[in-house]
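Since the structure comes first, as structure tokens, the remarks are kept for the end.
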Amino acid sequence: MFDLFSDIFTYRDNALARIDPRAKLAIALAALVAVVTAERIVLPLCVFGLCLGTVVGLRIPAKLIAVRLAAPLSIVAVLVVLQTFLTGATPIFAFTLAGWEFTAKAEGLRQGMLLGARVLGAVSVVFLLSVVTPAHRIFQALRWFRLSRNWLEIAVLMYRYIFVLMESAADLAAAQKLRLGYTTKGRALRSFTALAGATIVHSLEQAERTHNAMRLRGYRGVMPFGPLPALGRRDRMILAFCLAGIASARLLEWGAGR
Amino acid sequence: MKAISATGVHFTYDDGTEALSGIDFHVEEGEFIAILGSNGSGKTTLINLLVGLIKARAGRIMIGGQAIGELSAEELYQRVGLVFQNPNDQLFAATVEEDCAFGPRNLNLPEAEVQQRVTESLSAVAALPLRGRAIHHLSFGEQKRVSLAGVMAMRPSVLILDEPTAGLDPAGEAQMMQLLKKLNREEGLTVILATHSVDMLPLFANRIYVLDQGRVLQEGPSEEIFCHQEMIDRAKLRLPYISRLMYEMKRHDGVPIDGLPLTIGEAREQLLELIPKELIIAGMGEKRP
Amino acid sequence: MKAISATGVHFTYDDGTEALSGIDFHVEEGEFIAILGSNGSGKTTLINLLVGLIKARAGRIMIGGQAIGELSAEELYQRVGLVFQNPNDQLFAATVEEDCAFGPRNLNLPEAEVQQRVTESLSAVAALPLRGRAIHHLSFGEQKRVSLAGVMAMRPSVLILDEPTAGLDPAGEAQMMQLLKKLNREEGLTVILATHSVDMLPLFANRIYVLDQGRVLQEGPSEEIFCHQEMIDRAKLRLPYISRLMYEMKRHDGVPIDGLPLTIGEAREQLLELIPKELIIAGMGEKRP
Amino acid sequence: MIMHRRKKSARIRRVAAVIATAGILTALPAPAFAMHISEGILPAPWALFWYAVALPFVAWGLRDLRRRSEELLWFKPFVSLVGAAVFLISCMPIPVPTAGTCSHPAGTGLAAILIGPGLTVVVASIALTLQALFLAHGGLTTLGANIVSMGVAGAYVGYGAYLVARHLGLPWAVAAFLAGLLSDWATYAMTSLELAAALHGDGSFSAMLSLILLAFVPTQLPLGILEGFICAGALKFVRSRKPELIRATAAGGAA
Ligand SMILES: Nc1ncnc2c1ncn2[C@@H]1O[C@H](COP(=O)(O)OP(=O)(O)OP(=O)(O)O)[C@@H](O)[C@H]1O
Ligand SMILES: Nc1ncnc2c1ncn2[C@@H]1O[C@H](COP(=O)(O)OP(=O)(O)OP(=O)(O)O)[C@@H](O)[C@H]1O
Ligand SMILES: [Mg+2]
Ligand SMILES: [Mg+2]
């Protein structure tokens, strides 16, 4: 029911998983910038192809890829349709449906496809990052980027306890289902409300116990994070190489656009 | 007739864990069955399949002669009830009464019938006095019984329980097992329970399925199951304490013991035959109950 | 010297539940103590008092000769460590390594020392290979051991555990108890555990405190405790299975048994003395380990 | 005459587009995915702009967090756990009557009542980051915009509605209902605004905005009402089970 994070794959060993998370995060951010500033569809689509190819090559199950890409793909479809019929000036074709006239326009189609390509490219970059980097490594990397420690502390605890609460919530939902709590809309709403309430109650109780456990191990209001080692030579080289690659691809596109 | 059966069932979680690989599991009406297995052997997964919470990747599950997919939710859950391990995860109403009434109300029964079912199911688990109490003020043992009552109120003919005695103290454990025995013997309910505690089971179960790594290692009446020391070791289980004692005396000390006594009663009988009458203190033997 | 002691301790929860009424509890350094009691008898409350999570309404708690109130939090938590019943309560970091390092880092130790403590404590609980794993991918048994490691990394001299074997299968239970025994015998840790399972305890504990309704019903070595059938019944506990068998044979059948054997080994010895040598199958007796 | 025809056809076109958009949006695997602006949709200037808008709110929430966690050692675990619960609730599928598919509640109204709007923004920013990274909902480039709609708009409107309703002497259940309802609608209004601003291209902003708003109406009107019921119901549940903990929450005094 709540198959949320399939982060088991991030613990698989492969060349990408071994790269320092800071380097990976920086590269991903650079790729995102390149994609969302792209003026033509070529660069984003190349990024999309590259990332998707890598994800497939890492043998991530097709089902997971489909689940992750389903929503972005449908958004792309909506975008293309919306932009094609709503913006632009040069008509390319028109048709009438149930008495209504639809006119597709070239500029709109182009704009829609560009937006769609950007979505695909950007989503695939983050997807690739997320299947080769466990959450705690990303949190570590974020620390290096000087994110607020308090923000990170809450993030770490939240991430951990989402899984704990998920187990009891899944049991609760199943228990309700087995006693026919979801057979009509009204019952479903009532059951759902109880489920939400119970999850909050469980979280409040868990917060108390967790805080006790933290206190007993010397917690004084700030979660201690370990030191971050310097970025290794190999990782520095990978980082430099990738950033240079992304920058030149972006410049190339810019040049082509002139 | 078969109350519930699974044939060649496979199940793999989304993350690739193969939790069940080819399970055959058949229960006749009125049986008392134990699914025995170590942590992670697949007991909960099997149970979730049997009640239709998850779908098998391969294999067939039949409930009372019908494939599970053909049954509507209403039909299915009036035939099979599941009691979860942690009562806190299945009691969602404010009071005991409301919780027990949840199922019957969802069946659109008239209020009088609902109330009657609540009374009946609460008395079946010896929890009638708790009727008006708030759920979150109950003790753990009381919560366990009330969660059983909530399922009983659906009047299932098959009752499945995941670790019904986990977390209970000895008195609570004995009470729960007596309760299940009564439901099975007197009310004719088919009872299936998953557990990894070996000591109480032999007294109650007609048959035991031993699970290990998603497979049925062995299946049979408890006398048969506990004869196979290596199988038991492989399943990361152990013999009941009594059997262990008798096993060691038989195996290492050469004491001639028939089969393998599982219960205190059986062990006592066998040992008394071996101990010379003249050693027994006169006058005491009479008191034997 | 006394490692930990509570004298005349009373505790009442906010809702008026009197959970402890006049507890005396004394543990010497290096002892292995069991707090035995049914659900709701007050075990967890007592433990929470001993580690300073809650404050007694009346009475005095001393840790290593000092009143608990006089100790700073840092001193206190380096002397006494508590392992919670549910490992989820205690494993709040993302990975095993980070979780174990939490305590040492709070002590502002240099990173090398932190890493060394992590390695040590993980190897002490046979969990070193789990070091890089995410907590939510561990099995229940692994989580239990890792949560113990997290406490061990604080290097407490007194280790308190709330139901350390709850929810574990037989293999996991045996492993956990062996682990605790090793920590107690080899590393000299004082171990205090709360439980309501009676069968494993006698093999390990020096002394047992039996709790019932917030009072100490009895205290003493296990042989003494389990002699008092009525007291055991009153505490809603039961004898270990082996003792139950021996007790019934002694009481009802008049078999002359000395004291009350608690373990399989003791029972075997006594029974063998009663069984005539000629009944024993020749050549088998040799194999006795 | 010509003028008239053009106007008419424009109107027809707009209506048709609304229906088409609504059709497509509701046919999505889950319409609530549309609640988060997907990765890559916003052009760079807009993405930066919304980051700039969101940042002060997050910073303010973090300041609040630091101040209160210095006094109360349990405060950070408490906020985290409530955050985890709300995150989970927002991932649970609920049936939407008009869409025929499942959607998800936002939970921001509930969170705002429990931990206050400032901290809700912080928690929402974390939840949105986790969703962007691991679930492909929302995105890193659109994080700022999503924080503004989910966090800022949802939390402050929800909390405001709750406080105003309580001051007007309405029962807490009604207040909670309004908080859920209005926070949900505010989130959608804000999301629509953000999308329209970024996507109207050479067309008119207001046309795009009304179009997107209208497209969301068939799912969002009922979903907002559901959210209201969920918020009130969940709060009722918590009040009955943990009255002492309700007192410790943000709206404790008012609740
Ligand atoms: N939701 C899940 N996702 C992935 N793997 C799972 C999930 N639930 C269980 N597993 C895995 O499936 C296997 C069987 O688990 P299951 O819960 O059925 O065991 P169990 O016999 O009930 O154990 P226990 O005695 O601990 O309750 C285990 O290896 C477990 O790690
Ligand atoms: N937070 C609380 N508020 C009110 N009463 C409580 C609370 N915690 C425990 N109690 C009550 O105090 C008594 C002792 O509870 P405690 O948890 O110490 O028992 P226990 O021996 O640990 O039981 P178990 O074996 O079930 O863990 C019980 O009557 C219980 O209902
Ligand atoms: Mg299980
Ligand atoms: Mg306890």
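Protein chains get the first letters and strands the later ones, always in sequence-line order, with residue 1 at the start of each.
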For this session: Give a yes or no on this: more than 12 heavy atoms of other residues, nucleotides or ligands lie within 6.0 Å of atom CD of B:Q178.
Result: yes
Exercise. Can you check whether C:L168's main-chain N or O pairs, donor with acceptor, with B:N39's side chain at less than 3.5 Å?
Worked result: no
For this session: Give the minimum heavy-atom separation between B:L274 and C:P276, together with the two atoms involved.
Result: O-CD, 3.3 Å
For this session: With the side chain counted from C-beta on, respond yes when C:V255 and B:L271 share a heavy-atom pair under 4.5 Å apart, and no when they do not.
Result: no
For this session: Identify the two heavy atoms, one from B:L245 and one from C:A267, that lie closest to each other, and give their separation to 0.1 Å.
Result: CD1-CB, 3.9 Å
Problem set entry | Enclosure of B:R215 CZ (heavy-atom neighbours >12, cutoff 6.0 Å) | no
Problem set entry | Reported NZ-to-CD distance for the pair C:K236 and B:Q175, which is rounded to 0.5 angstrom | 11.0 Å
Problem set entry | Heavy-atom side-chain proximity of B:I242 to C:R244 below 4.5 angstrom | no
Exercise. Is there side-chain contact between C:H196 and B:P170, with at least one heavy-atom pair below 4.5 Å?
Worked result: yes
Exercise. Near B:R131 CZ, under 6.0 Å, is it more than 12 heavy atoms from other residues, nucleotides or ligands?
Worked result: yes
Exercise. Is the count of non-hydrogen atoms from other residues, nucleotides or ligands lying under 6.0 Å from C:Q213 atom CD greater than 12?
Worked result: no
Problem set entry | For the student: nearest non-hydrogen atoms of C:Y241 and B:D199, plus distance | CE1-CB, 3.3 Å
Exercise. Side chain, backbone, both or neither: which part of C:E173 has a heavy atom under 4.5 Å from chain B?
Worked result: side chain
Exercise. Would you find more than 12 non-hydrogen atoms of other residues, nucleotides or ligands less than 6.0 Å from C:R133 atom CZ?
Worked result: yes
For this session: Answer yes or no: are there more than 12 heavy-atom neighbours, outside B:D233 itself, under 6.0 Å from its atom CG?
Result: yes
For this session: Tell me, yes or no, whether the heavy-atom count around B:E18 atom CD, taken from other residues, nucleotides or ligands under 6.0 Å, exceeds 12.
Result: yes
Exercise. Rounded to the nearest 0.5 Å, how far does CG of C:L36 lie from CG of B:D169?
Worked result: 10.0 Å
Problem set entry | Which atoms of C:S139 approach chain B - backbone, side chain, both or neither, heavy atom under 4.5 Å | neither
